[in-house]
Amino acid sequence: MQTSHPVVAGHSRRTSDRVSSELPLEIGGIAGLTKNVSATGVYLETTADQVPGSRVHFVVEVNVKGELLKMVCAGEVTRVEHKAGTVGVAVKLTSSFFTDTDHAEDPAEPVDD
């Protein structure tokens with residue numbers, strides 16, 4: 001059973017702190033950028049239109065101590081915002097893992113959740 005919690009002014013429904021970031025990503029073969037990330041989700045901008053409730057797979061490039069890694073992600077689109085020239089997409093992560101760039105899996109392949 002899903003319960004709804006009222007949103008109190010000044011409070012949000014977010015369960016994790018967000019960190020502003022602009023990291024390159026690829027979603028459906030199209031480039032984009034993260035705008036913020038948290039332990040449970042990502043807000044990104046791209047030109048690839050998305051549909052709320054749909055499942056997405058994408059790869060984020062992350063530089064960790066000078067080493068380029070890829071974070072392979074799967075999630076559910078929770079919100080879509082059409083802006084001038086871009087699409088803002090909020091994604092609730094269902095899985096993610098890091099890999100080096102030589103061994104990154106195709107994000108379009110099914111991910112065991």
Side-chain angles (χ1 to χ4, degrees):
M1 180 174 150
Q2 186 177 21
T3 59
S4 176
H5 299 285
V7 176
V8 179
H11 291 31
S12 111
R13 290 185 247 174
R14 295 184 183 127
T15 58
S16 299
D17 291 335
R18 292 181 176 205
V19 177
S20 293
S21 66
E22 287 199 354
L23 301 170
L25 64 89
E26 183 179 316
I27 182 168
I30 299 173
L33 282 176
T34 64
K35 296 312 258 181
N36 63 60
V37 296
S38 74
T40 58
V42 175
Y43 183 81
L44 59 95
E45 288 184 349
T46 184
T47 56
D49 200 10
Q50 302 296 321
V51 177
S54 65
R55 303 257 324 167
V56 292
H57 295 88
F58 57 97
V59 176
V60 179
E61 291 185 6
V62 181
N63 190 323
V64 178
K65 296 182 181 179
E67 183 180 357
L68 186 61
L69 300 177
K70 290 193 176 191
M71 185 170 73
V72 180
C73 304
E76 178 183 342
V77 175
T78 59
R79 186 176 76 251
V80 176
E81 300 173 343
H82 292 92
K83 303 175 182 184
T86 65
V87 180
V89 183
V91 178
K92 179 180 179 182
L93 293 175
T94 55
S95 69
S96 63
F97 62 90
F98 282 100
T99 185
D100 63 38
T101 56
D102 295 331
H103 299 96
E105 295 180 15
D106 182 351
E109 292 295 317
V111 176
D112 294 332
D113 294 333

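The residues of the chain are indexed from 1 along the displayed sequence.
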Student: For the atom pair CG (Asp17) and CG (Asn36), what is the distance rounded to the nearest 0.5 Å?
Tutor: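 Taking CG in Asp17 and CG in Asn36, the distance rounds to 11.5 Å.
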Student: Could you list the donor-acceptor pairs under 3.5 angstrom formed between side-chain atoms of residues 81-90 and any protein atom two or more places apart in sequence or on another chain?
Tutor:
residue : atom : partner : partner atom : Å
Glu81   : OE1  : Tyr43   : OH           : 2.6
Glu81   : OE2  : Arg79   : NE           : 2.9
His82   : NE2  : Asp49   : OD1          : 2.8
Lys83   : NZ   : Tyr43   : OH           : 3.3
Lys83   : NZ   : Glu45   : OE2          : 2.9

Student: Linking I/L/V/M/F/W/Y whenever any side-chain heavy atoms sit under 4.5 Å apart, do Leu33 and Val59 land together?
Tutor: no
Student: Below 4.5 Å, heavy atoms only, C-beta onward: do Val80 and Val51 meet side chain to side chain?
Tutor: no
Student: Between Phe58 and Val42, does the side chain to side chain contact (heavy atoms under 4.5 Å, CB included) criterion hold? Intermediate values first, please.
Tutor: CA-CA 11 Å; Phe58 57 97; Val42 175; 4.2 Å; yes
Student: What distance separates Thr99 OG1 from Leu69 CG, expressed to the nearest 0.5 Å?
Tutor: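 Rounded to the nearest 0.5 Å, the OG1-CG separation comes out at 8.0 Å.
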Student: With sequence neighbours excluded, tell me which residues meet side-chain contact (heavy atoms from CB on, under 4.5 Å) with Leu23.
Tutor: Ser21, Thr34, Val60, Val62
Student: Does one hydrophobic cluster hold both Ile30 and Met71, with members joined at side-chain heavy-atom distances below 4.5 Å?
Tutor: no
Student: What distance do Glu76 atom CD and Thr94 atom OG1 have between them, rounded to the nearest 0.5 Å?
Tutor: 8.5 Å
Student: What pairs meet the salt bridge (Lys or Arg N to Asp or Glu O under 4.0 Å) rule with one or both residues in residues 31-42, with sequence neighbours excluded?
Tutor: Glu22-Lys35
Student: Mind checking salt bridge (Lys or Arg N to Asp or Glu O under 4.0 Å) for Glu67 and listing every partner two or more places apart, or none if nothing turns up?
Tutor: none
Student: Determine whether Gln50 and Val91 make a side-chain contact, defined as any pair of heavy atoms from C-beta on separated by less than 4.5 Å.
Tutor: no
